[in-house]
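Sequence lines set the chain letters: A, B, ... in the order given, protein chains first and strands last, and positions in each chain run from 1. Since this is a predicted model, take the numbers as computed values, not measurements. No hydrogens, no waters, no symmetry mates; every other heavy atom, side chains included, goes into these values.
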Amino acid sequence: MASAPPVFDDDMDPSHLAELDFGTAFAAPTDCPDCGSSRLTAQDAGDRTDFSCDDCRAEWAFRLGRIVRVTAGHAVPEPR
Amino acid sequence: MTEPWAATGGPRHGGVADDRVTLIDGSTFCISERDGRVRAGHAQGLFVRDSRYLSRWELRLDGVLPEPLTTHGKEPFGATFVGRMPPQPGLADSWLLVLVHRFVGNGMREDIELRNLSGEPVSCVVTLDVDADFADLFDVKGGVAGAKGTVSVGRGDAAIDFTHDAALPQGVRIESHGAAEVSGRTLRWVAAIPPRDSWTVTLETQPFERGEPLPLRHPYGRPVEHTEPARSLREWRERGPRVNTADGDLAAVLRQSVEDLGALRMFDPEHPHRAIVAAGMPWFMALFGRDSLLTSWMLLPIDQRLAIGTAQTLAAHQGAVVNPVTEEQPGRILHEMRFGQSAALALGGGTAYYGTADATALFVMLVGELRRWGLDDQRFKELLPHVDRAMTWLTGDGDPDGDGFVEYRRATENGLANQGWKDSWDGVTFASGEIARAPIALAEVQAYTYGAYRARAYLAGEQGDDDARRYWSGMAAALKRAFNETFWLPDRGWYALGLDADKRPIDALASNMGHCLWTGIVDDDKAPDVARQLLSPELFSGWGIRTLATSMGAYNPMSYHNGSVWPHDNAICAAGLMRYGFVAEAQRVAVGVLAAAREFGHRLPELFCGFDREEFAEPVPYPTSCSPQAWAAAAPLLLLRTLLRLDPELPQGRVSCDPAMPARYLPLEISGLRVGDDELTIRVTEEETVVRGLGTPPAQRRRPDG
Ligand SMILES: [Zn+2]
Ligand SMILES: [Zn+2]
């Protein structure tokens with residue numbers, strides 16, 4: 001499948017771009033931010049779903065489009 | 001705990017939406033003024049698992065509130081409130097800076113820091129007035145907060161304890177790390193700060209349930225982790241469709257939609273890769289049937305993942321048995337659910353509540369529409385049995401009196417009184433203002449049911465099942481006939497918004513009939529009257545169509561459902577107007593709502609007040625409106641689709657596109673639009689429309705009429 005060539009000519013400027021990349025916005029976390037492992041497992045954490053890394057054991061939560069550490073794994077030093 | 005599920009009924013008082021700061025983590029959130037203060041008697045406070053553990057939080061220096069300077073924080077769960085001691089009389093400047101670092105998560109931690117910027121020592125008395133009322137979350141949003149059970153206050157060593165004697169015993173301890181005097185509901189410190197030095201104290205707010213402390217996410221003595229945007233962590237970013245437009249505001253609104261829907265992303269621990277979204281921040285961080293179905297329907301041309309994830313998740317929890325407490329019935333699609341072990345607690349014993357009259361029909365409509373957008377055979381086959389169980393509900397338990405109209409009445413006092421989208425206790429009224437009595441058959445619920453019958457007939461036809469196609473087409477035709485006979489008010493020139501317990505037409509002029517245009521249940525000869533009413537000065541404010549006309553007894557532009565303007569409601573009305581060929585009217589609604597979005601910083605809130613645009617130059621925010629709200633964030637995408645007049649029939653290899661775009665957005669181009677196996681580019685100028693990339697049939701070229 002060939003993608004369509006851009007047809008927005010120079011004479012159509014000024015134009016404003018919106019990238020509707022919902023695929024990325026709706027993606028589940030896939031890689032551990034610490035060790036890069038792709039073996040992340042979703043876990044019931046009471047009032048939300050966390051993601052734990054099968055390799056380094058770090059745990060992550062998703063909040064309003066952001067990723068935050070819940071517990072550190074063994075591959076990284078404890079946060080200062 | 002009181003009513004365990006969420007009436008979305010609005011408050012009757014509260015602060016201005018723009019002046020609030022909301023921090024959130026899981027089911028914990030804190031709403032405060034911009035200076036961090038939680039004011040008693042307002043829809044503010046610290047909420048954990050649907051109860052308010054702090055209803056007052058006021059810091060004073062020498063008896064005076066700090067003067068707010070700014071608030072910052074990139075984390076959803078934390079912020080720093082920056083203020084200063086007000087200048088002494090006769091002095092131009094203040095030398096005392098106040099920094100309050102707040103973090104929420106199963107409770108709250110706050111680090112208060114006073115910085116003496118002067119060369120002289122400073123001494124001041126710091127006080128913190130606190131209170132806890134353990135009010136139910138939805139009572140607070142509804143403006144009827146009041147603790148049930150008794151609250152008692154005790155004091156510990158540098159701590160205040162509140163305990164709530166109720167069915168679920170709760171407590172909260174507010175503890176100072178750093179010696180403090182305690183009297184009543186006030187903590188007090190004396191801060192003596194050397195020149196160019198600072199003074200700090202940390203406070204922990206620790207909730208208890210049944211005597212057990214909840215584990216604080218950000219306890220004293222541990223540094224707080226910072227977050228990264230989840231999207232930036234992905235090396236590989238999926239390229240989605242792109243919109244180029246001459247209108248910078250339209251582009252900004254669309255970008256905000258992606259941002260907001262991504263922020264509302266939820267995860268089912270069993271199926272973390274199924275896309276689903278919460279209904280709205282901060283009040284509705286749970287999966288709602290109606291909200292998620294309409295949101296994902298609005299997104300369909302751009303992204304089908306959300307619709308697939310939503311349909312699969314709702315199908316997995318489709319009602320199986322009769323349970324009056326949760327209003328579960330076989331085939332019924334749920335109203336609200338939460339994931340996780342604590343969900344059962346929050347929802348009063350179950351994980352889902354089913355009290356909704358419309359989600360079941362919307363579910364069928366969504367699956368039908370998904371198929372038209374090219375849903376694959378495998379997933380379609382998995383969803384079809386759920387569609388048929390939904391049909392059984394629509395024609396059975398959904399219509400208990402067997403009159404052919406779906407109606408609702410709650411099964412217990414704890415259920416929702418109104419089970420359409422206008423679910424305030426006073427959301428369904430007669431023209432006189434009288435509140436309608438259940439069972440109620442809403443106009444838009446019949447419209448969605450008609451849409452469901454049509455969708456089922458379409459699916460049957462597509463499968464080559466002619467008997468089923470004829471059957472459901474016949475059901476649709478019969479419902480349309482009965483609806484137009486029963487709901488149309490010839491003396492008024494509009495549709496009743498419902499039938500009450502005595503089958504009396506509920507004769508108020510309201511936005512509900514716009515949804516009837518959307519699904520096509522309106523007779524052609526009545527549509528011009530409906531269009532005229534929707535755009536009348538009584539309903540159209542200039543920013544959008546009001547929920548209820550100004551001429552109605554219950555009209556109040558500052559109410560939740562009786563005169564306010566809801567963006568998602570307007571997007572559906574605009575789609576309905578366009579469906580019946582009312583191009584100028586649909587454009588007027590779309591342009592009005594998008595103009596309102598610009599005034600809200602390009603993020604449409606859940607709703608705003610219904611004042612006339614000529615009365616106020618800017619739309620007036622609604623207090624305690626959710627923002628972001630899923631279907632408000634999705635509304636611009638439905639408006640875009642409506643203006644493009646984009647309609648698919650992928651199984652037949654057809655896509656039609658016949659733009660009726662107002663000139664201000666032109667030229668406009670959408671590229672990378674995936675429909676089936678093709679990737680389309682649609683380019684619209686004032687002169688022509690060009691569609692490229694469609695495999696079968698060959699590219700079309702049409703002139704827009706508009
Ligand atoms: Zn790891
Ligand atoms: Zn009925």
Side-chain angles (χ1 to χ4, degrees), chain A residues 1-34 36 38 40-53 58-72 76-80, chain B residues 24-27 49 75-77 223 225-231 233-234 237-248 250-252 254-255 258-259 261-263 265 267-269 272-273 275 281 299 302-303 305-306 339-342 667 669 671-672 677-681 683 690 692-693:
Chain A
M1 178 183 67
S3 67
V7 294
F8 224 75
D9 307 334
D10 290 342
D11 64 335
M12 291 173 78
D13 281 337
S15 74
H16 302 271
L17 175 68
E19 294 204 54
L20 306 180
D21 53 345
F22 283 104
T24 312
F26 291 145
T30 51
D31 300 329
C32 173
D34 277 350
S38 58
L40 284 186
T41 306
Q43 292 194 325
D44 179 350
D47 61 356
R48 60 160 198 240
T49 300
D50 284 353
F51 293 86
S52 71
C53 174
E59 278 187 42
W60 309 95
F62 179 94
R63 292 169 196 156
L64 295 185
R66 300 180 77 84
I67 287 274
V68 63
R69 182 194 307 281
V70 179
T71 53
V76 289
E78 281 292 314
R80 281 176 294 112
Chain B
I24 190 161
D25 179 293
S27 67
R49 296 185 186 176
E75 320 296 350
F77 57 84
E225 274 286 345
H226 294 284
T227 64
E228 288 194 59
R231 295 165 67 192
L233 291 172
R234 301 170 60 81
R237 280 178 63 123
E238 191 165 332
R239 181 91 177 270
R242 299 151 63 90
V243 174
N244 268 293
T245 164
D247 190 278
L250 175 61
L254 294 172
R255 287 195 297 266
V258 180
E259 202 62 43
L261 288 164
R265 176 80 163 88
F267 297 95
D268 176 350
H273 295 281
M281 212 298 273
L299 244 63
I302 305 296
D303 185 274
R305 263 164 293 220
L306 186 63
F339 301 105
Q341 296 144 1
S342 50
E669 180 186 290
S671 55
D677 293 330
D678 296 316
E679 195 172 291
L680 298 191
T681 294
R683 177 191 180 174
V690 179
R692 294 190 193 174

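With chain B as the partner, the residue from A:Leu20, A:Asp50, A:Thr41, A:Leu40 showing the most heavy-atom pairs under 4.5 Å is A:Leu20. Listed options B:Asp25, B:Asp268, B:Leu250, B:Leu299 were ranked by heavy-atom pairs under 4.5 angstrom with chain A; first place goes to B:Asp25.
For B:Leu254, the parts lying near chain A are the backbone and the side chain together; criterion is any non-hydrogen pair under 4.5 Å.
Residues A:Leu17 and B:Arg242 approach most closely at CD2-NH2, 3.7 Å, considering heavy atoms. The minimum heavy-atom distance linking A:Ala28 with B:Arg265 is given by the pair N-NH2, 3.8 Å. Among all heavy-atom pairs drawn from B:Pro272 and A:Phe51, the shortest one is CB-CE2, 3.9 Å.
Taken from CZ in A:Phe62 to OG1 in A:Thr49, the straight-line distance is 11.0 Å, to the nearest 0.5 Å.
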